[in-house]
Number of protein chains: 2
Amino acid sequence: MLLSIEPDGPVPIYQQIRDRIVEAIATGDAPVGSGLPATRQLGVDLGINFHTVNKGYDLLRQEGLLRIGRKAGAVVQRDATSGPPRPGWEEGWTARMRTMLAEAIAQGLASEEIIVHCQDIIAGFVPATHYGPAVGEAS
Amino acid sequence: MLLSIEPDGPVPIYQQIRDRIVEAIATGDAPVGSGLPATRQLGVDLGINFHTVNKGYDLLRQEGLLRIGRKAGAVVQRDATSGPPRPGWEEGWTARMRTMLAEAIAQGLASEEIIVHCQDIIAGFVPATHYGPAVGEAS
DNA sequence: GGCTCTGTTCTATATGAGGTGCATCATAGG
DNA sequence: CCTATGATGCACCTCATATAGAACAGAGCC
């Protein structure tokens, strides 16, 4: 679990931590059951306060992606293999995605290009090992 | 140009104004050359300060979507018909989109579902009139 | 030239978010 | 008991958000 953050960027540190972990879950680098670093430890590693790390972890807990216990620390509770999303989550996501896609359209990207972009990004996440036999794998 | 905002929501008002206008550009409700309401006027209409409106407009100006003049006010400068996006824009957009897609994967949405969702949203934007002769238009 | 409408700029203020630091408590395990 | 861990609370600072008032500048119109 290697995390790199941008301390002086426009996006808050705790948000960056949340985003990087979400991406780690998507790529499979952080599967269900895997433990994340302790808040104090990660704080030291990143050179930030452990409260900030805690805030990022707490976001993920609210989203249902993390389970946080006293001694076990933060453990991934949900990933691509965990079934359908929690009810109510999709509304907010769709609204945000709508703005993202509108921005691309307004900037002149063609519909087909946008879709291809999304497919490429997703292909970078899942090496086609989650939904059936992949290239070069036994069936 | 009807704008509705959520004053008590988690997303800043000026950001909402920016987002709604971006979507209006994408849908074609605000084509190139069309004028937006004056900042003071829109401020009154929405019940907010005109400085907040100004901040939203300024964001769009920085993104190259708006041209703002003394007397003409805010005029849409760019939309889906304006050619390829400005260089350098795509990097940030791809990074943000990466996080959005990772979230969907982590929440359990299948790759195919995500793509279909994006296609549906885009279909709601562009009624297939932008890429080639449209229904009822001369070729 | 005046008048008005527009954006621009400046100052000021109030509220909340982001981030850090320190201290303390609670719990689970050796 | 001792230690590592998360949970909680408090104080503090910086900066973003939002509002408000005032004054300035350009462009169009009478």
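Naming convention: chains lettered A, B, ... in sequence-line order (proteins, then strands); numbering from 1 in each chain.
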Next on the checklist: Within the 4.5 Å heavy-atom criterion, are B/I48 and B/I5 side-chain neighbours or not?
Outcome noted: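 Yes, side chains in contact.
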Between the side chains of [Y] and [X], is the shortest nitrogen-to-carboxylate-oxygen separation below 4.0 Å, so that they form an ion pair?
X     : Y      : value
B/D58 : B/K55  : no
B/R96 : A/E103 : yes
B/R18 : B/E23  : no

Could you tell me how far apart [X] ([atom1]) and [N] ([atom2]) are, to the nearest whole angstrom?
X     : N      : atom1 : atom2 : answer
B/L46 : D/dT17 : CG    : P     : 18 Å
B/Q16 : D/dT17 : CD    : C1'   : 13 Å
A/I68 : C/dT27 : CD1   : C1'   : 15 Å
A/L66 : D/dA7  : CG    : P     : 11 Å
A/L60 : D/dG6  : CG    : P     : 14 Å
B/I17 : D/dT19 : CD1   : C1'   : 13 Å
A/Q62 : D/dA7  : CD    : P     : 12 Å

Look at the side-chain N and O atoms of [X] and state whether any lies under 4.0 Å from the OP1 or OP2 oxygen of [N].
X     : N      : value
B/Y57 : C/dG7  : no
A/Y14 : C/dG18 : yes
A/T39 : D/dG6  : yes
B/K55 : D/dT17 : yes
B/N49 : D/dA20 : yes

Item to check | All side-chain hydrogen bond (donor to acceptor under 3.5 Å, both in side chains) counterparts of B/R67, not counting sequence neighbours | outcome: none
Next on the checklist: Checking side-chain polar atoms at under 3.5 Å, does B/N49 have a donor or acceptor matched by the opposite partner on B/T52?
Outcome noted: no
Nucleotide N/O to protein N/O under 3.5 Å, stretch nucleotides 22-30 of chain D:
{"unit_1": "D/dA25", "atom_1": "N3", "unit_2": "B/R70", "atom_2": "NH1", "d": "3.4"}

Next on the checklist: Need to verify one output field. Residue with the more 5' nearest nucleotide on DNA chain C, B/N54 or A/I13?
Outcome noted: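 Its nearest nucleotide lies further toward 5', so the answer is B/N54.
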Item to check | Contacts of type side-chain contact (heavy atoms from CB on, under 4.5 Å), residue A/R40, not counting sequence neighbours | outcome: A/F50
